[in-house]
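Here is the structure we will look at, set down as structure tokens.
Residue numbers begin at 1 in each chain, while the letters A, B, ... track the order of the sequences.
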Protein chains: 2
Amino acid sequence: MSANSRLTIAAHALAWIGLYQREGHEVATSEQIATSANTNPVVIRRLLGELRKAGLVESRRGVGAGWSLARELESITLLDVYDAVEPGPLFALHRATPNQGCVVGHGIRPAMQGVYGGIEETLRAELARVTMEDVLRDVLAVPR
Amino acid sequence: MSANSRLTIAAHALAWIGLYQREGHEVATSEQIATSANTNPVVIRRLLGELRKAGLVESRRGVGAGWSLARELESITLLDVYDAVEPGPLFALHRATPNQGCVVGHGIRPAMQGVYGGIEETLRAELARVTMEDVLRDVLAVPR
DNA sequence: AGTAGTCGTAACGTTAGTTGTTACGACTGT
DNA sequence: ACAGTCGTAACAACTAACGTTACGACTACT
């Protein structure tokens, strides 16, 4: 599977903003977050833009601009982040529609859809059990 | 997420072979399976080759050659198929190592690794609950 | 022994998604 | 007015999946 790191980077950004705000700062810049995540500020802005659409963060423009949390870290679950940044389903069905004249070709899509649906529900429940507060706690618990 | 259809096509092929054998045939050809899945025979051979490495199917060469199940459908779970055809992890960590001088950059990878590990375990347990026999039953239960 | 059918696999092009980068307009505190 | 930052478009690089062609390897059958 071509795993992508969108969820990881988005969680990184949220944890960074959350910690920064606890240190008394108002807003964090995409530049600062990009330096921590070792990537490009535009990548951060793109991801945070999707988180903003989902109502997880807010942004200010102009001088002294930057990003801040729209909700407390403990009220943001990984499922919220996942829904905000991951577009497609976990497993894809056939790229071309299978042969409908064949029994298997006809029934396989609904069958797999049912299976995948149940599995994705379980995955979502697992993601919903972890809050960004949990993540930040784990981050800070790592010995250096 | 760039979802791929490898698991879907592999399950399709197994279900097809299983049904074909129940109809009294010895082996199924990649050509037949490809026609049902509406793809290229080489794609099927590649996937079945990985299933063979995992001990799920067998192949014969020469005239009258083809593929047959190495195990009963009810003893093959989707987890077996998943492990055979899906190489990487579900979620990727950072592409470039984050800034180790930053508290978040230093702790984020172990933290996310822990979370992802737990989630993948749950996913695997779900996949292990579904056998190819279940899948074939669902396939045949679809009204036409 | 020859032939035909099928696998096994390499090679290559196409497509699609992610990521990185540059560029520049829009906005706003000073 | 200026400077700093967001917002976003545009494009290149990279990767993986997928489709296709090609051809050697193998074997049941005649």
Side-chain angles (χ1 to χ4, degrees), chain A residues 1-10 12-13 17 20 25-35 37-53 57-68 70 84-98, chain B residues 1-10 12-13 17 20 25-35 37-53 57-68 70 84-98:
Chain A
M1 168 162 313
S2 69
N4 61 34
S5 60
R6 299 166 68 85
L7 182 58
T8 302
I9 303 295
H12 187 143
I17 298 173
Y20 198 58
H25 302 90
E26 287 272 330
V27 295
T29 70
S30 60
E31 174 87 32
Q32 295 171 314
I33 302 169
T35 298
N38 193 11
T39 181
N40 193 288
V42 175
V43 174
I44 300 298
R45 291 206 286 270
R46 279 198 289 236
L47 280 173
L48 287 180
E50 303 187 58
L51 296 186
R52 181 184 48 213
K53 281 187 214 154
V57 298
E58 292 166 346
S59 67
R60 277 191 227 162
R61 307 179 73 167
V63 174
W67 305 82
S68 55
V85 303
E86 297 284 358
L90 206 52
F91 299 110
L93 295 182
H94 303 67
R95 177 170 285 207
T97 62
Chain B
M1 167 162 313
S2 68
N4 60 35
S5 59
R6 298 165 70 83
L7 182 57
T8 301
I9 304 294
H12 186 144
I17 299 172
Y20 198 57
H25 302 90
E26 287 270 330
V27 296
T29 69
S30 62
E31 174 86 31
Q32 295 171 313
I33 303 169
T35 298
N38 194 12
T39 180
N40 194 288
V42 176
V43 174
I44 300 298
R45 291 206 288 271
R46 279 198 290 237
L47 279 173
L48 286 181
E50 303 187 58
L51 296 186
R52 182 184 47 213
K53 281 188 213 153
V57 298
E58 292 166 346
S59 67
R60 278 191 226 163
R61 307 179 73 165
V63 172
W67 304 82
S68 55
V85 301
E86 297 284 357
L90 207 53
F91 300 110
L93 295 182
H94 303 68
R95 177 171 284 207
T97 62

For this session: Return no unless some side-chain N or O of A:T29 is found under 4.0 Å from OP1 or OP2 of D:dT5.
Result: no

For this session: Write down the distance between CG (B:L47) and C1' (C:dC7), rounded to a whole number of angstrom.
Result: 15 Å

Exercise. Out of D:dT8, D:dC18, D:dC26, which has the shortest distance to the side chain of A:R52?
Worked result: D:dT8

For this session: Return no unless some side-chain N or O of B:R45 is found under 4.0 Å from OP1 or OP2 of C:dC7.
Result: yes

For this session: Using only side-chain N and O atoms of A:T39, determine if any of them is under 4.0 Å from OP1 or OP2 of C:dT19.
Result: no

Exercise. Roughly, in whole Å, what's the span from CD1 in B:I44 to P in D:dC18?
Worked result: 11 Å

For this session: Report yes if some heavy atom in the side chain of A:V27 is under 4.5 Å from a heavy atom in the side chain of A:R60; otherwise report no.
Result: yes

For this session: Name the closest nucleotide to the A:R95 side chain, picking from C:dG29, D:dC18, C:dA26.
Result: D:dC18

Problem set entry | Distance (rounded to the nearest 0.5 Å) between B:R52 CZ and B:R45 CZ | 11.0 Å

Exercise. Between atom CZ in B:R6 and atom P in D:dG19, what is the gap in whole Å?
Worked result: 11 Å

Exercise. Measuring from A:I9:CD1 to B:L93:CG, what's the distance to the nearest 0.5 Å?
Worked result: 9.0 Å

For this session: Mind calculating the distance between CG (A:L93) and P (D:dA17) to the nearest angstrom?
Result: 17 Å

Problem set entry | Between C1' of D:dA17 and CZ of A:F91, the distance in whole Å | 15 Å

Exercise. Of the nucleotides D:dG19, C:dT19, D:dC6, which has the atom closest to the A:W67 side chain?
Worked result: D:dC6

Exercise. Reckon B:G49 touches a base, only the sugar-phosphate, or nothing at all at heavy-atom distances under 4.0 Å?
Worked result: nothing

Problem set entry | Whole-Å distance separating the CG atom of B:N38 from the P atom of D:dC18 | 14 Å

Problem set entry | B:V42 side chain, from C-beta outward: closest of C:dA10, D:dT27, C:dT19 | C:dA10

For this session: Write down the distance between NZ (A:K53) and C1' (D:dG7), rounded to a whole number of angstrom.
Result: 11 Å

For this session: Look at the side chain of B:R61 and decide which nucleotide, out of D:dC18, C:dG8, C:dT21, has an atom nearest to it.
Result: C:dG8

Exercise. Taking side chain as C-beta onward, heavy atoms only, is B:L48 less than 4.5 Å from B:I17?
Worked result: yes

For this session: Decide yes or no on side chain to side chain contact (heavy atoms under 4.5 Å, CB included) for A:T8 and A:H12, but give the supporting numbers first.
Result: CA-CA 6 Å; A:T8 302; A:H12 187 143; 5.6 Å; no

Problem set entry | Contact nearer the 5' end of DNA chain D, comparing B:I9 with A:A65 | A:A65

Problem set entry | Under-4.0 Å side-chain N/O to phosphate OP1/OP2 contact, A:R46 with D:dC6 | no

Exercise. How far apart are the closest heavy atoms of A:A65 and A:T29, and which atoms are they?
Worked result: O-CG2, 3.8 Å

Problem set entry | Residue whose closest nucleotide on DNA chain C lies nearer the 5' end, B:E31 versus A:N40 | B:E31

Exercise. Within less than 4.0 Å of OP1 or OP2 of C:dG8, is there a side-chain N or O belonging to B:S59?
Worked result: yes

Exercise. Within this structure, what is the CG-to-P distance between A:L48 and D:dG7, rounded to whole angstrom?
Worked result: 9 Å

